[in-house]
Amino acid sequence: MLYYLFDYLDKHYHLPGAGVFQFISFRAAMAVITSLIIAQLFGARLIRVLQRKQVGESIRDLGLQGQMEKKGTPTLGGLIILLAILVPVLLFAKLHNIYIVLMLLSTVWLGLIGFLDDYIKVFQKNKEGLSGRFKVLGQIGLGITVGWVLFFSNDVTVRQYLLPNGETSAVDASSVYQDVKLMITTIPFAKNNELNYGNLFSYAGPFFNGLYSFLYIPIVIVIITAVSNGANITDGLDGLAAGTSAIIGITLAIFCFVSGNAFLADYLDIMFIPNSGELVIFCTAFVGACVGFLWYNSYPAQVFMGDTGSLAIGGIIAVLALIVRKELLIPVLCGVFLIENLSVMVQVGYFKYTRKKYGEGRRLLRMSPLHHHYQKLGYHESKLVSRFWIVGIMLAVLTLVTLKLR
């Protein structure tokens with residue numbers, strides 16, 4: 001909103017300094033500052049309200065060190081994250097940008113699903129919360145919406161350059177280009193690393209050339225569901241999910257900046273995605289929200305984010321990666337979420353297999369997800385979180401290295 005106000009003042013009244021709002025870097029800096037301020041001011045007030053209304057987390061005794069001390073800690077802290085994201089984006093971003101609209105929709109959509117889950121747990125005293133199938137249906141609904149927009153909207157384009165030999169390329173810049181609808185993504189660690197989803201059906205004949213949306217949209221659904229659930233599972237230690245997500249958010253902000261800048265995209269030999277640079281404002285607000293939330297969520301936590309925050313931040317990360325065509329990098333960038341997800345799947349699968357084969361279930365880990373396994377081994381919670389953050393930073397650096405390592 002402020003972007004449009006100062007753009008109007010600059011064009012019609014030549015207000016000194018108003019033109020600075022045209023720069024993404026300035027608006028991104030303002031977004032992160034505003035996000036941090038909102039998290040600080042709103043967070044303290046929300047915690048007091050939740051404590052007064054006794055909106056506390058019910059804790060199951062799993063025999064973990066320090067676990068029962070958390071009983072009664074307020075939940076619904078994800079509202080802090082959502083507000084600290086939405087307000088700066090509404091203030092500083094171009095709201096007619098298709099990618100900003102998609103990110104706002106994704107944030108609110110998954111935030112509402114998570115809020116319903118937390119509301120049922122806290123106010124209706126139902127420990128199960130929202131039924132798992134309804135969560136998955138909500139995630140599938142968002143996946144269909146995001147996949148449909150990315151696939152069919154004419155505002156979602158990539159730049160193709162016409163080469164001297166008459167061929168086209170998404171990365172080799174020349175003076176002749178066109179912005180086209182093309183569903184391609186980046187294959188990490190590979191030269192000439194663009195994968196056209198349409199080519200996956202080409203072997204089946206021309207009849208299937210126009211049907212690859214039936215492949216792309218399910219891929220989007222799987223990615224959004226997997227990453228949002230991964231963030232949800234990771235949210236088991238004070239500061240773990242928020243800190244890891246902030247690291248991922250910084251990485252995605254860099255990808256959005258270079259993918260949305262024609263000069264940098266040419267220099268790095270990556271595909272240029274018109275209008276995606278505006279997502280830097282969203283990413284910086286997201287990082288500011290996660291860091292601001294850590295003020296209250298770091299050990300010992302004064303508030304938990306609940307599903308309101310964890311489902312939303314996972315979905316945000318997934319949609320951002322899809323927009324900048326880096327979804328194949330998610331297993332690396334979101335490696336912490338992935339290993340947490342896999343630890344649960346392997347534990348459950350192995351338990352069922354051994355129960356069927358030997359008559360009693362056996363476990364590979366002392367407890368899943370993985371962070372609880374290390375707690376059982378005697379590691380302190382704050383040390384575990386710090387080490388997971390370090391792993392997250394290493395994975396983020398490896399992800400950024402793919403910009404040139406091909």
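In terms of the side chain to side chain contact (heavy atoms under 4.5 Å, CB included) criterion, residue partners of Q302 (sequence neighbours excluded) are, by chain and number, I47, Y296. With sequence neighbours excluded, the residues that form a side chain to side chain contact (heavy atoms under 4.5 Å, CB included) with I38 are T34, F42, L83, A84, V87, P88. For the side chain to side chain contact (heavy atoms under 4.5 Å, CB included) test, residues two or more places apart in sequence or in another chain that qualify with L86 are L104, T107, V108.
A donor-acceptor pair under 3.5 Å is absent between the side-chain atoms of H373 and the main chain of S368, judged by distance alone. W148 places no side-chain N or O within 3.5 Å of a backbone atom of I217 that could act as its donor or acceptor partner. Using modelled atom types, one side-chain atom of K181 and one backbone atom of F151 make a donor-acceptor pair closer than 3.5 Å. Side-chain N or O atoms of T402 include none that pairs as donor or acceptor with a backbone N or O of L398 at under 3.5 Å. Of the possible donor and acceptor atoms, one in the side chain of D117 sits under 3.5 Å from a partner among the backbone N and O of L130. Although no hydrogens or angles enter the test, the distance criterion places a donor-acceptor pair under 3.5 Å between the side chain of D238 and the main chain of A301.
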(request) Decide side-chain contact (heavy atoms from CB on, under 4.5 Å) for L240 and E340; before the verdict, give the C-alpha distance in whole Å, the side-chain angles of both, and the deciding distance to 0.1 Å. (result) CA-CA 12 Å; L240 178 56; E340 293 276 59; 3.9 Å; yes
(request) Begin with the C-alpha distance, continue with both residues' side-chain angles, and end with the deciding distance and a verdict on side-chain contact (heavy atoms from CB on, under 4.5 Å) for I81 and M305. (result) CA-CA 8 Å; I81 296 175; M305 69 170 67; 3.9 Å; yes
(request) Please lay out, stage by stage, how D7 and Q22 fare under the test side-chain contact (heavy atoms from CB on, under 4.5 Å). (result) CA-CA 8 Å; D7 183 54; Q22 298 296 323; 2.7 Å; yes
(message) Evaluate I24 against R27 for side-chain contact (heavy atoms from CB on, under 4.5 Å), listing each step before the verdict.
(response) CA-CA 5 Å; I24 288 177; R27 289 185 286 127; 3.7 Å; yes
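Using a 4.5 Å cut-off on side-chain heavy atoms (C-beta onward), L142 and S106 make contact. Looking at I248 and T399, their side chains never come closer than 4.5 Å, going by heavy atoms from C-beta outward. Looking only at side-chain heavy atoms (C-beta outward), Y216 and L150 come within less than 4.5 Å of each other. The side-chain heavy atoms of F337 and I233, taken from C-beta on, include no pair separated by under 4.5 Å. Contact check for L365 versus S343: side-chain heavy atoms found under the 4.5 Å cut-off. In this structure the side chain of L395 never reaches within 4.5 angstrom of the side chain of T251, judged on heavy atoms. Annotation: side chain of W389 is not in contact with side chain of V336 (no heavy-atom distance under 4.5 Å). Taking 4.5 Å as the limit, every side-chain heavy atom of M30 sits out of range of all side-chain heavy atoms of L2.
When all heavy atoms are compared, the tightest approach of F272 to S259 is CD1-O, 3.2 Å. For the pair Q40 and G292, the tightest heavy-atom approach, listed with the atom from each and the gap, is NE2-O, 3.7 Å. Of all the heavy atoms in S228 and L110, the pair that sits closest is CB-CD1, 4.4 Å. The shortest heavy-atom contact between T308 and G78 is CG2-C, 3.9 Å. Of all the heavy atoms in R366 and Q347, the pair that sits closest is C-NE2, 4.4 Å. Taking all atoms of both residues into account, the shortest heavy-atom contact from P74 to L50 is CB-CB, 3.7 Å.
Taking a 6.0 Å sphere around CZ of F26, one finds it holds more than 12 heavy atoms contributed by other residues, nucleotides or ligands. For Y119, the OH atom is loosely surrounded, since the number of other residues' heavy atoms within 6.0 Å does not exceed 12.
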For a quick test of your reading: what N or O donor-acceptor pairs under 3.5 Å do the side chains of residues 322-331 make, sequence neighbours left out?
| unit_1 | atom_1 | unit_2 | atom_2 | d |
| --- | --- | --- | --- | --- |
| R325 | NH1 | L182 | O | 3.0 |
| R325 | NH1 | I184 | O | 3.0 |
| K326 | NZ | V324 | O | 3.2 |
| E327 | OE1 | T185 | OG1 | 3.1 |
| E327 | OE2 | T185 | OG1 | 3.1 |
| E327 | OE2 | Y197 | OH | 2.5 |

Could you give the side-chain donor-acceptor pairs of residues 279-289 under 3.5 Å, partners two or more places apart or in another chain?
| unit_1 | atom_1 | unit_2 | atom_2 | d |
| --- | --- | --- | --- | --- |
| T284 | OG1 | A28 | O | 3.2 |
| T284 | OG1 | V280 | O | 3.1 |
| T284 | OG1 | I281 | O | 2.9 |

Report all side-chain donor-acceptor pairs from residues 90-100 shorter than 3.5 Å, counting only partners two or more places apart or in another chain.
| unit_1 | atom_1 | unit_2 | atom_2 | d |
| --- | --- | --- | --- | --- |
| H96 | ND1 | Y4 | OH | 2.5 |
| N97 | OD1 | Y99 | N | 2.8 |
| N97 | OD1 | I100 | N | 3.2 |
| N97 | ND2 | N275 | O | 3.0 |

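Note that the CG atom of L364 and the CZ atom of F351 stand 12.0 Å from one another [nearest 0.5 Å]. Atom CG of L294 sits about 10.5 Å away from atom CG of L36, to the nearest 0.5 Å. In this structure, OH on Y379 lies 14.0 Å from CG on L237, to the nearest 0.5 angstrom. Taken from CG in D269 to CG in L264, the straight-line distance is 13.0 Å, to the nearest 0.5 Å. The CG atom of L9 sits 12.0 Å away from atom NZ of K11, with the distance rounded to the nearest 0.5 Å. Between atom CD1 of residue I339 and atom NE2 of residue H371 there is a gap of 13.0 Å, rounded to the nearest 0.5 Å.
The aromatic rings of F6 and F21 sit parallel, their planes meeting at an angle under 30°, below the 60° perpendicular limit. Relative ring orientation between Y350 and Y353 is described as tilted, the plane-to-plane angle lying within the 30° to 60° band.
Side-chain atoms of T75 and D118 include no donor-acceptor pair closer than 3.5 Å. Residues Q139 and N229 bring a donor and an acceptor atom of their side chains to less than 3.5 Å of each other.
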